[in-house]
Amino acid sequence: MDKLFLEDRVLLQVEKPARYIGNEVNAIYKNKEEVAIRFALCFPDVYDIGMSHLGLSILYNLLNQRDDLWCERVFSPWVDLDRIMEEENIPLFALESQEPIKTFDFIGITIQYEMCYTNILRILDLAQIPLLSKDRTEDHPLVCAGGPCVYNPEPISDFIDFFYIGEGEVQLDALMDAYKHHRENGGTKKAFLEIAATIEGIYVPSFYNVSYYEDGTIERFVPNHPKAKPQVKKVIMMDMTQSRYPMKPIVPYIQTVHDRVVLELFRGCARGCRFCQAGIIYRPVREKDLEILKEQAIEIVKNTGHDEISLISLSSSDYSQLNALASYLIEAPELAHVNLSLPSLRIDDFSIELMRKVQDVRKSSLTFAPEAGSQRMRDVINKNISEEDILQGAYEAFMGGWNRVKMYFMLGLPTETEEDVLAIPKLGQDIVNKWFTMPGDMRKQRLQIVLSTSFFIPKPFTPFQWMGQASSDTFLEKAKLINKNINKKNIKYNSHDADTSRIEGVLARGDRKLNEVILKVYQKGARYDAWSEHFNVTLWNEAFDELNMDSGFYNERRRELEEILPWDFIDTGVKKSFLYDEFLLAKEGKTTVNCMEGCTNCGAMCFEGGICYARKT
Amino acid sequence: MLVRLKFKKEGPIRFVGHLDMMRTFQKMFTRAGIPIAYSEGFNPHQIFSFASALAVGVSSESEYMDVKLTEDVAINVLIEAINLKAPEGIFFLDGVEIDNKETSAMASVVAATYRIEVLNSIITEDMLSAMMSQETLIIRKKNKKGKINDFDLRPGIINILLKDKHLIMTIANGSHFNIKPEMVLEKLLALNDLNYVRCDYRFHRVEIYHDHNGLRPLLEVKLGL
Ligand code: SF4
Ligand code: SF4
């Protein structure tokens with residue numbers, strides 16, 4: 001493809017013009033005259049971020065396997081190009097065909113984090129498509145969305161025509177078949193929504209009415225259309241080994257966040273940390289077969305030329321065959337010049353040994369995510385790692401040559417006391433002390449410890465979904481307390497932005513009333529909220545004020561069990577009663593076994609596979 | 001075995017900058033499965049180097065690189081294997097085995113010819129001859145340490161002419177003396193009280209030379225691919 005939509009003049013003015021030229025190795029080109037469906041797959045953030053996202057690559061591959069469809073990529077133009085496009089009225093285009101997307105059949109948006117909501121509106125706006133679903137006509141694409149955030153789709157329900165709840169492998173084909181059939185028979189795009197609504201996993205927000213009590217909580221959430229299901233159940237791929245994996249992922253020209261082959265070991269997570277949404281919505285754990293992973297590693301390296309493979313899954317060290325897989329990836333002759341990169345492994349002897357093999361000890365740092373400083377607090381969140389594990393792990397790592405440690409914690413967790421907060425710098429200090437118990441000749445380098453805290457955000461479909469989030473002021477006080485008590489000689493301390501956490505907290509558990517807020521914030525100029533240098537909390541505060549709404553209603557307010565939560569109509573398989581039981585156990589500081597040790601009957605067994613059954617055989 | 005390869009870079013890939021081209025070529029060589037040599041150390045990297053960096057947005061019909069292989073491969077086989085896996089817009093034209101003692105492509109470059117399409121600006125023969133008749137052409141240039149110094153372009157301009165709205169210039173390039181085509185343009189316009197605007201021109205590199213009893217292309221095409 002020689003065609004470029006943007007003139008040289010424009011490309012030469014922007015940073016990293018290669019973000020906008022397409023044409024990368026393994027990008028898929030089709031003859032647009034020969035396809036029935038044009039699909040714009042959007043990641044509402046800059047290319048460098050979006051191209052690192054496995055889900056996007058999976059969907060791109062999946063959709064393009066159809067001969068009757070051409071799926072192309074769209075990312076948010078970076079702020080420099082954004083400005084030019086606005087000034088010159090240049091419509092947003094797809095990377096492959098280099099054609100405007102406003103006449104495509106679908107715009108499909110993958111939503112990975114709440115803070116990209118304003119970027120979604122930006123994409124529609126730049127594409128020259130009306131922002132509100134109700135204002136769009138037959139001349140516009142259907143706009144759909146998927147990804148973890150759509151487990152609470154309500155805050156953006158006015159902008160999106162339909163949501164896909166679950167994993168793309170399951171229903172995308174059925175959905176596209178239905179669309180094609182419907183269009184061939186002269187059906188309109190709007191009428192297609194009625195068909196989509198009958199497909200499992202699809203949620204069409206305009207087919208439901210929500211009414212509220214005076215206090216703002218939901219009174220009723222009911223279908224207003226005979227085709228609309230009262231409950232929308234997520235769809236997930238049960239046989240991961242058979243799932244269609246991108247064997248020829250696109251190789252970006254520019255450096256992206258993850259410039260490597262990614263192997264997905266399994267979906268779901270067995271651990272059940274109580275703050276973690278991913279741990280619930282992707283249940284149950286479904287592993288991929290070892291042999292398939294080996295084949296895929298070799299094949300993908302051959303097809304991309306990457307010199308690094310990384311294993312990605314929610315908690316990769318839980319993969320039952322990790323040892324065999326890692327040894328294979330280290331030893332296979334075909335992978336002689338390919339490095340293995342290991343993400344957040346649990347720290348035990350095996351992992352340390354493995355890391356020594358694959359990492360340059362001097363250059364890498366060791367990462368722990370205890371999430372809370374005190375044992376009591378870790379029990380509350382069901383993070384089953386003991387102080388002893390951490391100190392012992394650190395000691396072994398020090399003996400193995402590491403001198404850099406990164407630790408991640410959350411502040412503002414339910415029931416947190418000052419003592420729990422102070423346990424964070426104390427744990428840091430205990431690790432420093434551990435370092436000094438090593439023989440002197442092992443301590444030639446300087447010890448560097450980085451403690452990072454983020455602020456706890458209660459998320460839908462977690463046992464903490466009823467909890468209030470701490471206020472920004474409380475967060476800042478806690479961060480200050482840590483900062484005051486930290487031994488600055490060996491420990492560096494970072495803390496997240498409290499305002500971002502607040503807004504994320506609002507959006508995560510928002511309802512339909514937030515559509516108006518998001519629209520207003522967007523109109524005030526909010527862009528790239530997920531980027532701290534672009535995030536402007538004032539715009540959000542103003543929008544809430546002007547609409548006479550209280551953001552605290554969404555993030556700081558504690559919900560009662562009886563309340564209808566905006567996302568209650570979505571069925572993740574995990575029972576609400578299970579979440580509530582977990583909530584009660586958390587308050588008592590009692591832990592729950594993980595799925596590898598025992599089944600606590602969360603409900604996900606209804607998917608009839610994965611770990612719920614594997615463990616029993 | 002050490003080989004010098006010649007390739008062209010055309011189309012949208014001209015917007016991929018030098019460092020990204022390095023990464024792109026690494027991956028291309030791996031895909032092509034050629035026996036490229038790796039350096040020693042904990043993070044070994046492929047041993048190859050470009051003769052001269054090409055700026056973003058500039059196309060070229062004559063780029064050169066040296067590549068080290070661990071075993072002997074017939075040049076045409078090598079080129080075919082690479083071309084099969086090259087990204088769109090990159091095409092290998094030729095190659096030759098060079099011996100270890102040969103100065104590297106990078107170190108031997110002395111000059112390059114550019115063809116610059118004038119899209120939106122007026123440049124006349126008179127402007128060119130007026131410039132070339134000057135004894136010195138001083139510009140202000142930042143040196144490696146970031147200090148701004150006076151710098152004379154004149155000795156670096158070997159040849160410059162205008163042909164059908166295209167400016168063709170051969171200028172010094174390389175580690176000893178390096179000037180960029182936009183410096184010449186900028187000076188040319190400044191002498192006429194005009195401002196240089198990058199997007200008024202489209203740059204294309206025609207050839208890169210070393211000094212072998214006069215300016216000779218780094219590699220003379222033999223295969224005629
Ligand atoms: S280990 Fe805990 S935090 Fe990590 S994905 Fe699993 S449940 Fe979530
Ligand atoms: S049903 Fe049991 S094994 Fe399956 S995900 Fe739930 S708790 Fe885990």
Side-chain angles (χ1 to χ4, degrees), chain A residues 1-27 29 48 84 95-96 98 248-256 259-261 299-308 334-339 341 357-364, chain B residues 9-47 55-59 70 81-90 116-117 119-121 182 196-204:
Chain A
M1 272 285 298
D2 247 358
K3 185 164 128 192
L4 286 176
F5 184 67
L6 297 173
E7 294 170 40
D8 281 26
R9 174 182 64 80
V10 175
L11 286 166
L12 286 166
Q13 282 177 63
V14 301
E15 186 196 322
K16 302 193 195 170
R19 283 168 172 158
Y20 313 109
I21 63 175
N23 255 301
E24 307 94 321
V25 165
N26 297 336
Y29 286 84
D48 328 18
I84 298 173
L95 292 188
E96 281 78 0
Q98 297 273 315
K248 289 179 139 202
I250 293 173
V251 187
Y253 288 123
I254 61 168
Q255 180 100 49
T256 53
D259 179 24
R260 53 196 175 217
V261 172
E299 184 73 14
I300 300 172
V301 165
K302 219 170 83 193
N303 290 337
T304 57
H306 280 296
D307 59 5
E308 189 173 343
E334 295 94 327
L335 303 175
H337 294 291
V338 180
N339 292 324
S341 93
K357 269 192 224 158
V358 304
Q359 292 178 351
D360 189 345
V361 173
R362 287 159 306 165
K363 290 204 188 106
S364 60
Chain B
K9 180 184 183 188
E10 283 168 346
I13 201 171
R14 69 185 182 280
F15 288 103
V16 178
H18 182 64
L19 287 179
D20 290 330
M21 282 309 286
M22 303 268 286
R23 299 174 340 95
T24 297
F25 272 42
Q26 265 166 34
K27 295 187 173 96
M28 171 184 74
F29 290 138
T30 303
R31 287 195 304 274
I34 61 163
I36 191 158
Y38 280 80
S39 65
E40 305 286 321
F42 201 95
N43 284 311
H45 56 267
Q46 297 177 353
I47 304 180
V56 172
V58 182
S59 56
T70 54
I82 302 174
N83 275 338
L84 218 54
K85 298 295 174 182
E88 176 123 0
I90 296 295
I116 300 158
E117 188 179 356
L119 300 170
N120 182 29
S121 147
E182 57 267 33
Y196 167 70
V197 181
R198 168 66 181 89
C199 23
D200 288 347
Y201 309 89
R202 182 173 290 149
F203 291 77
H204 176 79

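Chain naming here is simple, since letters A, B, ... match the order of the sequence lines and numbering starts at 1 in each.
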With a 4.5 angstrom heavy-atom cut-off, which part of I13(B) approaches chain A: side chain, backbone, both or neither? both
Would you call R14(B) and D8(A) a salt bridge, using N to O less than 4.0 angstrom? yes
Best-contacting candidate, L19(B), T30(B), N120(B), D200(B), against chain A by heavy atom pairs under 4.5 angstrom: T30(B)
Test item: V25(A) and R31(B) side chains (from C-beta on) under 4.5 Å apart, heavy atoms: yes
Spell out the residues in residues 17-24 of chain A that have some non-hydrogen atom less than 4.5 Å away from a non-hydrogen atom of chain B, in order of number; otherwise answer 'none'. P17(A), A18(A), I21(A), N23(A)
Contact leader toward chain A among V16(B), D20(B), V197(B), where contacts are heavy-atom pairs under 4.5 Å: D20(B)
Within this structure, what is the NE2-CD1 distance for the pair H337(A) and I36(B), rounded to the nearest 0.5 Å? 9.5 Å
Which answer fits N26(A), side chain, backbone, both or neither, if we ask what part of it has an atom under 4.5 Å from a heavy atom of chain B? neither
Do you know the tightest heavy-atom contact between P12(B) and D2(A)? CD-OD1, 3.5 Å
Residue among P87(B), P44(B), G11(B), G17(B) with most heavy-atom pairs under 4.5 Å to chain A: P87(B)
State, to 0.1 Å, how close Q255(A) and R23(B) come at their nearest heavy-atom pair, and which atoms those are. N-NH2, 3.0 Å
Among V10(A), D259(A), V338(A), N303(A), which residue has the highest count of heavy-atom pairs closer than 4.5 Å to chain B? D259(A)
When every non-hydrogen atom of Q26(B) is compared with those of D307(A), the smallest separation belongs to OE1-OD2, 4.1 Å
Mind checking side chain to side chain donor-acceptor pair (under 3.5 Å) for H45(B) and listing every partner two or more places apart, or none if nothing turns up? S39(B)
Contact class of I254(A) relative to chain B, heavy atoms under 4.5 angstrom: both
